[in-house]
Q: 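This is the structure, below, for whatever I ask next.
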Amino acid sequence: QVQLVESGGGLGQPGGSLRLSCAASGRFFRLNAMGWYRQTPGNQRELVASITSDGSTNYADSVKGRFTISRDNAKNTVYLQMNSLKPEDTAVYYCNADIKERAWLRTTNYWGQGTQVTVSS
């Protein structure tokens, strides 16, 4: 069974840094685009950053220049380095990935369980 397992997050100070990790586990044929979304109470989940299998990246305007998404294809893992944190970055962060479980199957979109990031002094 394919799963996305997140780690990292927690409490960060304004101006500080945190790093999120998300590893895809289980058997699958190919791991395509991966990304991070975030959600605050009463709001829709929004894209933070995404990265394709060949390393092309995309960022929300609110995090450009502060957050960096990267991936290690050998480890099936995506990272989100969050620098210059702001209180408005407080949210539950979710890992997302498009995974092709078998060569003959369609790509399926998966979500992680979410990890809380709180930015406060």
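One is the number of the first residue; the rest follow in order along the sequence. Side-chain atoms are counted along with the backbone in the values below, which use heavy atoms only and exclude waters and symmetry mates.
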Q: May I have the step-by-step check of side chain to side chain contact (heavy atoms under 4.5 Å, CB included) for Thr40 and Thr90, ending in yes or no?
A: CA-CA 8 Å; Thr40 54; Thr90 297; 5.9 Å; no
Q: Would you say that Ile69 contacts Val78 through its side chain, given a criterion of any heavy-atom pair below 4.5 Å between the two side chains?
A: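 Of all side-chain heavy-atom pairs linking Val78 with Ile69, at least one is under 4.5 Å.
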Q: Once side chain to side chain donor-acceptor pair (under 3.5 Å) is applied, what residue pairs with a partner in residues 3-23 remain, sequence neighbours excluded?
A: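 Checked against side chain to side chain donor-acceptor pair (under 3.5 Å) - neighbours excluded - the pairs reaching residues 3-23 are Ser17-Asn83.
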Q: Side chains of Val117 and Leu20: does their closest heavy-atom pair fall under 4.5 Å?
A: yes
Q: CD of Gln44: more than 12 outside heavy atoms within 6.0 angstrom?
A: no
Q: May I have the step-by-step check of side chain to side chain contact (heavy atoms under 4.5 Å, CB included) for Asn73 and Ser53, ending in yes or no?
A: CA-CA 8 Å; Asn73 290 330; Ser53 56; 5.5 Å; no
Q: Once you round to the nearest 0.5 Å, how far does OG1 of Thr107 lie from CD1 of Ile99?
A: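 It comes to 9.5 Å.
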Q: Look at the rings of Tyr93 and Phe67 and say which category their plane angle falls in: under 30° parallel, 30 to 60° tilted, over 60° perpendicular.
A: tilted
Q: Mind listing the closest non-hydrogen atom pair of Tyr59 and Ala49 along with its distance?
A: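 Taking every non-hydrogen atom into account, CD2-CB, 3.6 Å.
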Q: Counting C-beta onward and ignoring hydrogens, is there a side-chain heavy-atom pair between Tyr94 and Asn96 closer than 4.5 Å?
A: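 They are not in side-chain contact.
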Q: Taking C-beta and beyond as the side chain, do Cys95 and Trp111 meet within less than 4.5 Å on heavy atoms?
A: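 Heavy-atom side-chain distance check fails, nothing below 4.5 Å.
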Q: Considering only NZ, NE, NH1 and NH2 on the basic side and carboxylate oxygens on the acidic side, decide whether Asp89 and Lys86 come within less than 4.0 Å.
A: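 Salt bridge flag = no for Lys86 with Asp89.
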Q: Do Arg27 and Glu101 meet the salt-bridge criterion of a basic N to acidic O distance under 4.0 Å?
A: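 No salt bridge links Glu101 with Arg27.
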Q: From Leu4 CG over to Thr77 OG1, what is the distance, rounded to the nearest 0.5 angstrom?
A: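 One gets 10.0 Å once the value is rounded to the nearest 0.5 Å.
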Q: Is it the case that the side chain of Arg30 and the backbone of Lys100 share a donor-acceptor pair, with hydrogens and angles ignored and the cut-off at 3.5 Å?
A: no
Q: Is there a side-chain contact between Tyr79 and Asp72 (heavy atoms, below 4.5 Å)?
A: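 They are in contact (side-chain heavy atoms under 4.5 Å apart), so the answer is yes.
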Q: So Arg38 and Val63, side chain to side chain contact (heavy atoms under 4.5 Å, CB included) or not? Walk me through it.
A: CA-CA 12 Å; Arg38 65 187 182 187; Val63 306; 4.0 Å; yes
Q: Under a 3.5 Å distance rule, please check whether Arg71 uses its side chain to pair with a backbone N or O of Thr52 as donor and acceptor.
A: yes
Q: Are Thr108 and Val2 close enough that some pair of their side-chain heavy atoms sits under 4.5 Å apart?
A: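 Sidechains of Val2 and Thr108: no contact.
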Q: Do Val92 and Val48 belong together in a cluster built from hydrophobic side chains that touch within less than 4.5 Å?
A: no
Q: For atom CZ of Arg102, decide whether the heavy atoms of other residues, nucleotides or ligands shown that lie under 6.0 angstrom number more than 12.
A: yes
